[in-house]
Visitor: 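The structure under discussion is supplied below as C-alpha cells; questions concerning it will follow.
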Amino acid sequence: MTKPSLPDLLHAAVTAVGGVERPGQVTMAEAVAQAIDDGSHLLVQAGTGTGKSLGYLVPALAHGDRVVVATATLALQRQLVERDLPRTVEALHPQLRRRPEFAMLKGRSNYLCLHRLHEGVPQDDEDGLFDAFEAAAPTSKLGKDLLRLRDWSDETETGDRDDLTPGVSDRAWAQVSVSSRECLGASKCAYGAECFAEAARERAKLAEVVVTNHALLAIDAIEGAPVLPQHEVLIVDEAHELVSRVTGVATGELTPGQVNRAVRRAVKLVDEKVADQLQTAAEGFERLMELALPGRLEEIPEDLAYALMALRDAARAVISALGSTRDRSVQDEDAVRKQALASVETIHDVAERITNGSEYDVVWYERHDRFGASLRVAPLSVSGLLREKLFSDRSVVLTSATLKLGGDFNGVGASLGLAPEGTEGEDVPVWKGIDVGSPFDYPKQGILYVARHLATPGREGSRTDMMDELAELVEAAGGRTLGLFSSMRAAQAAAEELRGRLDKPILLQGEDTLGELIKTFAGDPETCLFGTLSLWQGVDVPGPNCQLVVMDRIPFPRPDDPLMSARQKAVEEAGGNGFMAVAATHAALLMAQGAGRLVRASGDRGVVAVLDPRLATARYGSYLRASLPDFWYTTDRNQVRRSLAAIDAAAKAKADGA
C-alpha cells in the first residue's frame, strides 16, 4: 500500500476545517515532516492566518509517533482539542487507515478533587474553612460557587476547571482542588478509582497526541518525575512564551503568610518541641521581612542567612516528625498530614535553595502594596536547562508568529539553549529556522508610524505631548483603538485623560474581566480599549473595530527588574551585549506581538503607532523595526492622520452599505 502524500493529507485536513490552503502552511508542513524524519529540531515563524496548527498536526499524525503539543493559552488548547484535532483525525482516517486518539492533560490542580469535594478542606484556622460547604452561606458568592461545583461534579466527565461555564472564583476552586504535593495518591485515596486527574493521565497514556500547556511541560522537564507520557515528537506552539513560563515554574518564593500557614498546619500534628522550633523560625523570618526593601540580593545578608537556615532546619525536623507520628484524633488525618507536609516541604526547599546559594540563581526582595514583602529566587537563565531536558531524545518543533527578532532566529534560539544556527559540535543540538511568511500583504494593509517629533519618554512623569498625539490619533481613527501601555499606571493615566477630552468610550483593563472588555471592544467601532501586558498578546479582533494599535513607548524591562538586570549583567560579564541580548530582545518580542494585533484578516487595514521617537532615532531602532511585520513605514504625522481618517470613512461607508 502506498503511503499517502503530505500535500493530499494537508488538503483533506484544510478542507475538513473549512480553511484555505496557504503556501506558507505547505512549506511548514514539509519542514515539520523533514525534522521528524531526521530527528532534528525546527523553529518555524508562521504569521497570523498561516494555519500553523494544521501545518504541524498533519505531518505529526502522518508520521505515527507519539506527539506532545504544548501551548501557552487556554484558547489554543481548546481550539486544538475541540476543533482542529477531531476534524483532522476524521479527514485523515480514510488515507491513514487509522483514527489516532488524542487527549488533553494539565496539572493536577486544574481538576476537581473528589476527596476535597466530599470530605472538605483540611482545617486551616486562618481561613476558617472547617467545611467550606457548611461554613459558606449558600447566599454568599462563595457558597453559591461551591454548591454549583457540587452539582457540576455529578455531571462532568472531565472535572477540568475550564469545562465549567461560567467559571468560579479562585477562592472557590481552591476548596475543591489539590496540588500534586497535597494529593493523597490514587492508591491511598477513597476516591482514587473515580479521580478526574488520574483519568486524564490514563487517557494521555493511551493517546497518540497529547495536548498540554507550557507549565506542565516545564514541570516534566525540571522536576525529573515524568508527568507526561513518553513521546518521540514535541511541538511547542506559542513558543515565544516558553522561556518565561519555564522561568515561572523554576521560581521559588517565601512569604511570612506562607510560612505562618505552614506552621498552623503542622503544629497539631507534631510534638511541642518541634512545633516551637518552626514557630520561632517563622517569627524571626517575619521580623526580617517587615524591614525588607525591594531589590536584588547579590549576597545574602548575614541576618537573612541565619533566618533561612533556622527555617530550613526547623522545616526538616517537622518533615521528619510528620513521617513518624500518627494522631487518630485528627479528622481525615491523612489529608491534613499531606497538606501540612506539602506546605512545610515547600518552605524547606526554597530556604535550602537560597541558603546553599548558586551562581546560576538570582535572589531578590519584592514588596507588594496588598500582600507585603516576599523573598524570591529564580534561575539566571533557563537556556542550559532547556538544552539538556528539552532537546535530547526527541524531535522538537517550536512555532510562533514571532520567533525571528532583528532578522534572524539566533536571539530566540539562544534563550532556548540553542547555539547559533549552523554551529556544529558534540552535544550541540542540530536545528534550523524557517520563516514561512504570512498570507497578509503587510505593506498594503498596514502603516507603521513612529512619532519622531515627541520628546523621549522618561522613567516617570506625565507626557503631555504624548497625550496630545494619542488624542489626535484616536480622533482621526474614529475610535477603533487598542492602546498598549508599558505599565498599568500609564494605561490608567491615558484612559482618564482621554475620557475627559474625547466623546468616545474608553475601556480600561481591570474595570471588567478581560473577556468582557474584548467583547465590548469588538462590538462597537467607536470604542477604545487601553491596557497592559495581557493585551499585547491576547486580543484577536479582526475587522474594522481595531484599526489603530498604539504603543506608548518601547516596552523595555524596568531598569530595577532584578531578574532582567541580572541576566543583562551576566551577558556583559561574558563579553556580550547585555542590552541587546536581554532588554532589546524582550522589547522586540513584545512589540512584534503587539503589532500583530492589527492585521488579523485579509481585509484588515490600519496603523500601528509607536509614540516613542527612539524607534526612529536610536541605534537599536532598526533591530526593533526588523522584528515587526513589514508595514509601510513613516514618521509623517499629517500623512498618518489622513490615512486614519480615510480608513475610518471607508469602514463607516461599508457599515452603512451593509
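Owing to the predicted nature of the structure, the values given are computational and were not obtained by experimental measurement.
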Visitor: Please indicate whether Asp503 has more than 12 foreign heavy atoms, meaning atoms of other residues, nucleotides or ligands, lying under 6.0 Å from its CG.
Guide: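 For Asp503, atom CG is not crowded (no more than 12 foreign heavy atoms under 6.0 Å).
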
Visitor: Taking the side chain as every heavy atom from C-beta outward, state whether Val243 and Leu416 have any pair of such atoms under 4.5 Å apart.
Guide: yes

Visitor: Any side-chain to backbone donor/acceptor pair from Asp465 onto Ala455? Under 3.5 Å, distance only.
Guide: yes

Visitor: Does a side-chain heavy-atom distance below 4.5 Å link Thr156 with Leu164?
Guide: no

Visitor: With sequence neighbours left out, what residues match Ala583 under side chain to side chain contact (heavy atoms under 4.5 Å, CB included)?
Guide: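 Here the qualifying residues are Phe556, Pro557, Gln568, Phe579.
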
Visitor: Excluding sequence neighbours, so at least two apart, what forms ring-ring contact (aromatic ring centres under 6.0 Å, His included) with Tyr56?
Guide: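 Counting only residues at least two positions away or on another chain, Tyr56 forms no ring-ring contact (aromatic ring centres under 6.0 Å, His included).
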
Visitor: Find the distance between CD1 (Ile518) and CG (Asn545) and round it off to the nearest 0.5 Å.
Guide: 13.5 Å

Visitor: Could you list the residues that satisfy salt bridge (Lys or Arg N to Asp or Glu O under 4.0 Å) with Asp540, not counting sequence neighbours?
Guide: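 Listed in chain order: Arg600.
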
Visitor: Restricting to pairs with a member in residues 16-28, which pass side-chain hydrogen bond (donor to acceptor under 3.5 Å, both in side chains), not counting sequence neighbours?
Guide: His11-Glu21

Visitor: Between Asn110 (side chain only) and Asp160 (backbone N and O only), is there a donor and an acceptor less than 3.5 Å apart?
Guide: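 It does not hold such a pair.
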
Visitor: For Lys106, run the side chain to side chain donor-acceptor pair (under 3.5 Å) check against Asp162, Asn213, Thr212 and tell me which one passes.
Guide: Asp162

Visitor: Return the minimal non-hydrogen interatomic distance between Ala172 and Leu142, and the atom names on each side.
Guide: CA-CD1, 3.6 Å

Visitor: If you take all heavy atoms of Gln445 and Ala601, which pair is closest and at what distance?
Guide: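 Heavy-atom minimum between the residues: NE2-O, 3.2 Å.
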
Visitor: Shortest non-hydrogen contact from Ile554 to Met591?
Guide: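 Ile554 and Met591 have their closest heavy atoms at CG2-SD, 4.1 Å.
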
Visitor: Using a distance-only test with no angle check, is there a side-chain donor-acceptor pair under 3.5 angstrom linking Thr402 and Gln593?
Guide: yes

Visitor: Look up atom CG in Leu448 and atom CG in Asp630, then write down how far apart they are to the nearest 0.5 Å.
Guide: 10.0 Å

Visitor: Taking Thr399 for its side chain and Val44 for its backbone only, find out whether a donor-acceptor pair lies under 3.5 Å.
Guide: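 A pair under 3.5 Å: yes.
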
Visitor: Among all residues two or more places apart in sequence or in another chain, which pass the side chain to side chain donor-acceptor pair (under 3.5 Å) test with Thr73?
Guide: Glu238

Visitor: Can you confirm whether more than 12 heavy atoms, excluding those of Glu496, are under 6.0 Å from its CD atom?
Guide: no

Visitor: Once you round to the nearest 0.5 Å, how far does CG of Asp145 lie from CZ of Arg150?
Guide: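 Reported value, rounded in 0.5 Å steps: 14.0 Å.
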
Visitor: Treating Ser627 as the side-chain partner and Gly406 as the backbone partner, does any N or O pair qualify as donor plus acceptor under 3.5 Å?
Guide: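 Checking the backbone N and O of Gly406 against the side chain of Ser627, a donor-acceptor pair under 3.5 Å is found.
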
Visitor: When you measure from the side chain of Ser565 to the backbone of Pro562, do you find a donor-acceptor pair of N or O atoms at a distance under 3.5 Å?
Guide: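 The answer is yes, because a donor-acceptor pair under 3.5 Å joins these two groups.
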
Visitor: Tell me if a side-chain donor or acceptor on Gln509 pairs with a main-chain N or O of Thr532 at a distance below 3.5 Å.
Guide: yes

Visitor: Could you list the residues that satisfy salt bridge (Lys or Arg N to Asp or Glu O under 4.0 Å) with Asp604, not counting sequence neighbours?
Guide: none

Visitor: Would Leu146 and Arg148 count as a side chain to side chain contact (heavy atoms under 4.5 Å, CB included) if you check the C-alpha gap in whole Å, the side-chain angles of each, and the deciding distance to 0.1 Å?
Guide: CA-CA 5 Å; Leu146 292 172; Arg148 271 191 60 225; over 6 Å; no

Visitor: What pairs of residues pass the salt bridge (charged side-chain N to carboxylate O under 4.0 Å, His left out) test when at least one of them lies in residues 69-84, not counting sequence neighbours?
Guide: Arg78-Glu82, Arg78-Asp163

Visitor: Output, in order, the C-alpha distance, side-chain angles, deciding distance and verdict of side chain to side chain contact (heavy atoms under 4.5 Å, CB included) for Leu242 and Leu398.
Guide: CA-CA 9 Å; Leu242 183 63; Leu398 300 111; 4.1 Å; yes

Visitor: Looking only at atom types and distance, does a side-chain atom of Ser400 sit under 3.5 Å from a main-chain N or O of Leu403, one as donor and one as acceptor?
Guide: no

Visitor: Indicate whether the side chain of Gln175 and that of Trp173 have a donor and an acceptor atom separated by less than 3.5 Å.
Guide: no

Visitor: Working note: Ile235 + Val68, criterion side chain to side chain contact (heavy atoms under 4.5 Å, CB included); need CA distance, chi angles, decisive distance, verdict.
Guide: CA-CA 6 Å; Ile235 295 168; Val68 167; over 6 Å; no

Visitor: Can you name the side chain to side chain contact (heavy atoms under 4.5 Å, CB included) partners of Pro23, sequence neighbours left out?
Guide: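 Partners of Pro23 by the side chain to side chain contact (heavy atoms under 4.5 Å, CB included) criterion come out as none, since no residue qualifies.
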
Visitor: Can you find a pair of side-chain heavy atoms, one from Met551 and one from Val608, that are under 4.5 Å apart?
Guide: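 Yes, at least one pair of side-chain atoms sits under 4.5 Å.
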
Visitor: Return the set of residues passing side chain to side chain contact (heavy atoms under 4.5 Å, CB included) with Leu508 (not counting sequence neighbours), or none when no residue passes.
Guide: Met488, Ala491, Gln492, Ala495, Arg499, Glu511, Phe530

Visitor: Are any side-chain N or O atoms of Thr481 and backbone N or O atoms of Gly483, one a donor and one an acceptor, separated by less than 3.5 Å?
Guide: no

Visitor: Could you tell me which residues satisfy salt bridge (Lys or Arg N to Asp or Glu O under 4.0 Å) with Arg480, sequence neighbours excluded, listed by chain and number?
Guide: Asp648

Visitor: Could you tell me whether the side chain of Val550 reaches within less than 4.5 Å of the side chain of Leu611, counting heavy atoms only?
Guide: yes

Visitor: Side chains of Val541 and Leu482, heavy atoms from C-beta outward: is any pair under 4.5 Å?
Guide: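 In short, these two side chains do not touch, never coming nearer than 4.5 Å.
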
Visitor: Assess the residue pair Thr48 and Arg597 against the criterion (side chain to side chain donor-acceptor pair (under 3.5 Å)); give the C-alpha distance rounded to whole Å, side-chain angles, the decisive distance to 0.1 Å, and a yes or no.
Guide: CA-CA 9 Å; Thr48 306; Arg597 302 309 100 203; 5.9 Å; no

Visitor: Any salt bridge linking Asp170 with Arg161? Criterion: basic side-chain nitrogen under 4.0 Å from a carboxylate oxygen.
Guide: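 Salt bridge between Asp170 and Arg161, a charged N being under 4.0 Å from a carboxylate O: yes.
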
Visitor: Go through it in stages, so that I can follow the logic: the residues are Tyr449 and Arg641, the test is side chain to side chain contact (heavy atoms under 4.5 Å, CB included), and I'd like the CA-CA distance, side-chain angles, deciding distance and then a yes or no.
Guide: CA-CA 10 Å; Tyr449 164 60; Arg641 282 156 180 69; 4.2 Å; yes

Visitor: Less than 4.5 Å apart, any side-chain heavy atom of Pro559 and any of Met564?
Guide: no

Visitor: I need the Leu54 CG to Arg87 CZ distance, nearest 0.5 Å.
Guide: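 Result: 10.5 Å between the selected atoms.
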
Visitor: Flag the pair Arg463 and Glu469 as a salt bridge only when some basic side-chain nitrogen lies within less than 4.0 angstrom of an acidic carboxylate oxygen.
Guide: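 Between Glu469 and Arg463 there is no salt bridge, as every charged N stays at least 4.0 Å from the carboxylate O atoms.
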
Visitor: Show me the pairs that pass ring-ring contact (aromatic ring centres under 6.0 Å, His included) and involve residues 488-522, at least two apart or across chains.
Guide: none

Visitor: Less than 4.5 Å apart, side chain to side chain, heavy atoms only: is that true for Val89 and Phe102?
Guide: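 Of all side-chain heavy-atom pairs linking Phe102 with Val89, at least one is under 4.5 Å.
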
Visitor: Are side-chain heavy atoms of Ile434 and Leu42 found at a separation under 4.5 Å?
Guide: yes

Visitor: Strictly distance-based, threshold 3.5 Å: is any side-chain N or O of Arg245 a donor or acceptor partner for the main-chain N or O of Ala72?
Guide: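 Judged by distance alone, yes, a pair lies under 3.5 Å.
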
Visitor: Can you give each donor-acceptor pair under 3.5 Å made by side-chain atoms of residues 617-624, sequence neighbours left out, with the distance rounded to 0.1 Å?
Guide:
from   : atom 1 : to     : atom 2 : distance (Å)
Thr617 : OG1    : Pro613 : O      : 3.1
Tyr623 : OH     : Thr585 : OG1    : 3.4

Visitor: Taking Thr50 for its side chain and Lys52 for its backbone only, find out whether a donor-acceptor pair lies under 3.5 Å.
Guide: no

